[in-house]
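Bear in mind that the values here come from a model prediction, so they are computed numbers and not experimental data.
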Amino acid sequence: MTTATLTREPTAATPRPGRRPVRPARVVLHLFLGTVAVGWLFPILWAVLTSLRSYEYTASHGYVSLGGWTLDNYLTAWRTAEFGKHFLNSVYITVPAVLLTLFLASCVAFVIARFSWKLNIALLGLFTAANLLPQQALLIPLFRMFTEIPLPAWMSDSELLYDSYWGLILVNVAFQCGFCVFVLSNYMKALPHELYEAAMVDGASIWRQYWQVTMPLCRPALAALATLEVTWIYNEFFWATVLMRTGDKFPVTSSLNNLRGEFFTDNNLVSAGSVLVAIPTLVIFFLLQKQFVRGLTLGASKG
């Protein structure tokens, strides 16, 4: 006795297993994403292209042309803007500001997430309010306050909070803490409460619960925030030009003003300087890329 097996030939209307049918909405979505990606990359690619060309060639042939390739713009920008010294100034400001921001924000977030009391929401709103207030609105009161707060001579050459690294560090910490508190508090609330109950049974103090239980579990979130904070504080331009008067103390972003001429500006030179300034943030992002993505996607599958 034999059995006949009927096989159905795939038709054009039946999609093959493992392949999605091409839909018009999906095509429009990919076209939109591609357009947005090109729009974001175009200024960067244009700056790199401009930085690799001489000013004489672009002045005679225009910027919409090819030719006049040179690397002299990078060497001239490095010498003229004194990037070597100003890169160190940015390190003196960025590293302490990021570490202090993450430490203070994690302490506040731990209190908000770990303890239940009436002022939890008010405390969280107080710290996030700094991100909602325009920084320009605080320009005059902060400037006056900084010019009146004294510092020891070993902390500031001006013996004031004004024109010192400490001033920029405190301003960045004040404006960045709110966002970090908001992110870390929501992340800490998702941690199992049983961990703290076990720690309390073992006799762990509040500090040990914070430092030895919570902080190791928050490393992905801290890495993601560190990447963002380094980029934001490093690229900060407004407060450095307002609260600094000594050119030798300017961070690297503010030193780009040294590339501007009195009567005209060499855009090729400024483009080369901008590319040099952007390199450290790109290096940091690629080094922490895995931790950054992991910190952003954690909790996406939690119900």
Side-chain angles (χ1 to χ4, degrees), residues 37-98 135 157-158 162-165 167-169 171-172 176 226-289 292:
V38 171
W40 278 97
L41 291 175
F42 178 76
I44 301 174
L45 298 177
W46 185 261
V48 174
L49 179 65
T50 304
S51 66
L52 294 173
R53 304 167 67 193
S54 63
Y55 175 78
E56 293 77 10
Y57 185 88
T58 54
S60 58
H61 296 82
Y63 285 97
V64 187
S65 60
L66 295 177
W69 309 110
T70 181
L71 294 175
D72 292 340
N73 291 326
Y74 288 93
L75 299 177
T76 304
W78 184 273
R79 292 194 300 264
T80 304
E82 298 179 334
F83 280 153
K85 175 173 60 179
H86 293 293
F87 269 125
L88 290 178
N89 294 340
S90 294
V91 172
Y92 298 152
I93 297 170
T94 304
V95 173
V98 172
Q135 299 184 6
D157 297 337
S158 62
Y162 174 72
D163 194 30
S164 67
Y165 298 129
L168 291 182
I169 292 173
V171 164
N172 285 300
Q176 299 300 331
T227 306
L228 292 174
E229 293 301 323
V230 167
T231 303
W232 291 341
I233 296 176
Y234 175 85
N235 289 328
E236 199 281 320
F237 178 83
F238 175 73
W239 289 114
T241 56
V242 171
L243 301 178
M244 285 282 191
R245 68 184 178 192
T246 304
D248 291 340
K249 295 181 181 179
F250 279 161
V252 68
T253 51
S254 301
S255 66
L256 287 173
N257 283 329
N258 298 336
L259 300 179
R260 298 176 56 186
E262 184 177 359
F263 301 104
F264 80 98
T265 300
D266 186 352
N267 293 323
N268 305 66
L269 190 63
V270 175
S271 298
S274 301
V275 172
L276 289 175
V277 169
I279 288 176
T281 55
L282 292 176
V283 172
I284 292 174
F285 175 78
F286 284 115
L287 289 177
L288 298 177
Q289 183 178 9
F292 178 75

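No side-chain heavy atom of E236 sits less than 4.5 Å from a side-chain heavy atom of V171. Side-chain contact between T253 and F250 is absent, with no heavy atoms from C-beta onward closer than 4.5 Å. Contact annotation: the side chain of V98 approaches that of I233 to within less than 4.5 Å [non-hydrogen atoms, C-beta and beyond]. N235 has its side chain within reach of T281: a pair of non-hydrogen atoms, C-beta onward, lies under 4.5 Å apart. Between K249 and Y92 the shortest side-chain heavy-atom distance does not fall below 4.5 Å. L52 is listed as a side-chain neighbour of L71, based on a closest heavy-atom distance under 4.5 Å. For the pair F237/L256, no side-chain contact is recorded, criterion being any heavy-atom separation below 4.5 Å from C-beta on. When side chains are defined from C-beta on, Y55 does not count as touching L269, because their heavy atoms never get closer than 4.5 Å.
Sparse packing is recorded around CH2 of W40, with 12 or fewer heavy atoms of other residues, nucleotides or ligands lying under 6.0 Å away.
Between the side chains of Y165 and N89, at least one donor-acceptor pair of N or O atoms lies under 3.5 Å. Side-chain contact check for Y74 and S51: at least one donor-acceptor pair (N or O, by modelled atom type) lies under 3.5 Å. Under 3.5 Å, the side chains of S65 and R53 contain a donor-acceptor pair of N or O atoms.
In terms of heavy atoms, S54 sits closest to N268 at O-ND2, 3.7 Å. Across all their heavy atoms, P280 and F87 have their closest contact at CG-CE2, 3.6 Å. For T227 against F285, the heavy-atom pair with the smallest separation is CG2-CD1, 3.9 Å. Nearest heavy atom pair, residue L276 against residue A77, reads CD1-CB, 4.4 Å. In plain terms, the two heavy atoms of L168 and W239 that are nearest each other are CD2-O, 3.5 Å. Residues V277 and Y234 come closest through the heavy atom pair O-OH, 2.8 Å.
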Pair D157, T246 - check side-chain contact (heavy atoms from CB on, under 4.5 Å), show working. CA-CA 10 Å; D157 297 337; T246 304; over 6 Å; no
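Annotation: the span from T50 atom OG1 to N73 atom CG amounts to 9.5 Å, rounded to 0.5 Å. The OG atom of S274 sits 11.5 Å away from the CD1 atom of I44 when rounded to the nearest 0.5 Å. Between the CG atom of L259 and the OG1 atom of T76 there is a distance of 9.5 Å, given to the nearest 0.5 Å. From S255, atom OG reaches atom CG of D248 across 11.0 Å, with rounding to the nearest 0.5 Å.
A donor-acceptor contact shorter than 3.5 Å is absent between the side chain of T94 and the backbone of V91.
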